[in-house]
Protein chains: 2
Amino acid sequence: MDDVELLRHRGLRVTAPRRAVLATIGRLPHATAETVLRAVREDLPTVSVQAVYDVLHALTDAGLLRRIEPAGHPARYERRVADNHHHVVCRGCGAVDDVDCAVGHAPCLTPSSTSGFTVDSAEVTYWGTCPACAGGTTPAPVHDVVAPAH
Amino acid sequence: MDDVELLRHRGLRVTAPRRAVLATIGRLPHATAETVLRAVREDLPTVSVQAVYDVLHALTDAGLLRRIEPAGHPARYERRVADNHHHVVCRGCGAVDDVDCAVGHAPCLTPSSTSGFTVDSAEVTYWGTCPACAGGTTPAPVHDVVAPAH
DNA sequence: CGTACATTCTTGAACTGTTCCAGAAACTCT
DNA sequence: AGAGTTTCTGGAACAGTTCAAGAATGTACG
């Protein structure tokens, strides 16, 4: 199913900005809104900031995109929506990459007690340093390490 | 060790705003900066916004506070820093509560492959609805459910 | 118990990422 | 093609947080 069909299938109008955003995020997974805007403007120079945000919202609501919001960094978007996977985030530059869960069934993702909350999803974020920031080419600001994984 | 000793022990000056912030977060775990500001001003009416942010930063850097930043909600602070625990966040009102991991050792928190990232911590956030929002007293805006836990 | 210096606090403005608003333009269905 | 809804543009607004300069305070030392 190509992007046009994908959009129609969700009852969304097929517009140039939407196709461009989908294509961009396909090419640049984990792109920020700003990155998307810049990339889309290479083909469609008049596209506005709002158009990009509207499109990102529409596509996210339709389930074509997944939004990642690492603390302290702008939101990022990816097209991997079917499976459940997690993310590593670089403390230095905010770079994001995918991480598949090491185990098939994750016991710790079934919380022991939820204080009466109805839980519908669990989200795991790994924090660390990406190769580029570790390499010293772009020395990352070092933050304190908090909450080690058990 | 009382709060004064705690501050001195970390080489921090003991000031009224710092003591008030510590006391407030002890009383109101998971408070936002704004909540802290309001609570502190009951005792110290002249405390400024920056004082609160500065204090929250200083105490967080010193390891006396832990900062939680749920996507789409203002940051929250807690004094439980010694152990590792996770959080449930209400999609409706942003309320946060503690969740202890169901298992002692968490296999899924050891990522399978980290694309060259050096991982120093893992963070689990459960998303759901708190009793108040579910109860209909304050009907929460319903967002789409994403990324179910496996 | 003063004094000196570094640190912290106050006030006020600025900033980033995102959203709201109104009207113009574009797309889809008939 | 025409009608009507949806989406786009442009500009302003917004929340939460941070920056900047100077005044005030806490701590260490004599």
Side-chain angles (χ1 to χ4, degrees), chain A residues 3-22 30-38 40-41 43-62 64-65 67-77 89 93-94 96 141 143, chain B residues 3-22 30-38 40-41 43-62 64-65 67-77 89 93-94 96 141 143:
Chain A
D3 290 352
V4 173
E5 290 178 82
L6 220 48
L7 286 167
R8 288 233 170 77
H9 187 252
R10 308 291 174 125
L12 292 175
R13 291 196 177 173
V14 179
T15 67
R18 288 178 173 178
R19 296 178 62 183
V21 167
L22 273 180
H30 312 122
T32 62
E34 208 220 319
T35 305
V36 172
L37 177 66
R38 270 213 290 267
V40 167
R41 278 188 175 163
D43 289 332
L44 308 167
T46 70
V47 158
S48 66
V49 174
Q50 273 53 42
V52 168
Y53 277 103
D54 287 351
V55 167
L56 289 172
H57 274 160
L59 299 183
T60 303
D61 289 349
L64 295 181
L65 291 182
R67 175 192 198 127
I68 308 151
E69 295 178 65
H73 297 279
R76 288 164 178 269
Y77 297 85
V89 182
C93 63
V96 172
H143 297 104
Chain B
D3 291 353
V4 172
E5 288 177 84
L6 221 47
L7 286 166
R8 287 234 170 78
H9 187 251
R10 308 292 173 125
L12 293 175
R13 290 195 177 172
V14 179
T15 67
R18 289 179 172 176
R19 295 177 62 181
V21 166
L22 273 179
H30 312 123
T32 62
E34 210 220 318
T35 305
V36 172
L37 177 65
R38 271 212 290 267
V40 167
R41 278 188 175 163
D43 289 332
L44 308 167
T46 69
V47 158
S48 66
V49 175
Q50 272 53 42
V52 168
Y53 278 102
D54 286 353
V55 168
L56 289 172
H57 273 161
L59 298 184
T60 303
D61 290 350
L64 295 180
L65 292 182
R67 174 192 200 128
I68 308 151
E69 294 177 66
H73 296 279
R76 288 163 177 270
Y77 297 84
V89 182
C93 63
V96 172
H143 297 103

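First the proteins, then the strands, lettered A, B, ... as listed; each starts at 1.
- Backbone-only engagement by A:Ala75 is indicated by non-hydrogen atom pairs under 4.0 Å involving sugar-phosphate atoms exclusively.
- As rounded to whole Å, 8 Å separates atom C1' of D:dT17 from atom CZ of B:Arg67.
- Rounded to whole Å, the distance from CD on B:Gln50 to C1' on D:dA21 is 13 Å.
- Looking at heavy-atom distances under 4.0 Å, B:Ser48 makes contact with a base.
- Rounded to whole Å, atom P of D:dG10 lies 12 Å from atom CG of A:Leu37.
- Along DNA chain D, the nucleotide nearest to B:His73 and the one nearest to A:Pro17 differ in position, and the one closer to the 5' end is contacted by A:Pro17.
- The A:Arg13 side chain lies nearest to D:dT7 when the options are D:dT7, D:dT17, C:dG17.
- Atom P of nucleotide D:dT6 and atom CG of A:Leu7 are separated by 16 Å, given to the nearest angstrom.
- Rounding to the nearest 0.5 Å places CG of B:Leu37 at 11.0 Å from CG of B:Leu44.
- Taking atom CZ of residue A:Arg8 and atom P of nucleotide D:dT6, one finds them 17 Å apart after rounding to whole Å.
- Under the 4.5 Å side-chain criterion, counting only non-hydrogen atoms from C-beta, B:Leu59 is in contact with B:Leu7.
- One atom, CZ of A:Arg76, and another, P of C:dT18, lie 11 Å apart when rounded to the nearest Å.
- Mapping A:Arg18 and B:Glu34 onto DNA chain D by nearest heavy atom places A:Arg18 closer to the 5' end of the strand.
- Of the side-chain N and O atoms in A:His57, one or more sit less than 4.0 angstrom from OP1 or OP2 of C:dT19.
- With B:Arg41 contributing its side chain and B:Val47 its backbone, the two residues share a donor-acceptor pair below 3.5 Å.
- Between B:Thr46 and the phosphate of C:dC9, there is no side-chain N or O to OP1/OP2 separation shorter than 4.0 Å.
- Proximity of A:Tyr53 to the phosphate of C:dT18: a side-chain N or O atom is located under 4.0 Å from OP1 or OP2.
- Contact detail for B:Val96 and B:His30: the closest heavy-atom pair is O-ND1, 3.3 Å.
- Between C:dC9 and B:Thr15, a contact under 4.0 Å exists linking OP1 or OP2 to a side-chain N or O.
- Note: CG (A:Leu56) to P (C:dT18) measures 9 Å, nearest angstrom.
- Rounded to whole Å, atom P of D:dG16 lies 11 Å from atom CZ of B:Arg38.
- A side-chain donor-acceptor contact under 3.5 Å links A:Arg18 to the backbone of A:Arg13.
- A:Thr32 comes within 4.0 angstrom of nothing in the nucleic acid, heavy atoms only.
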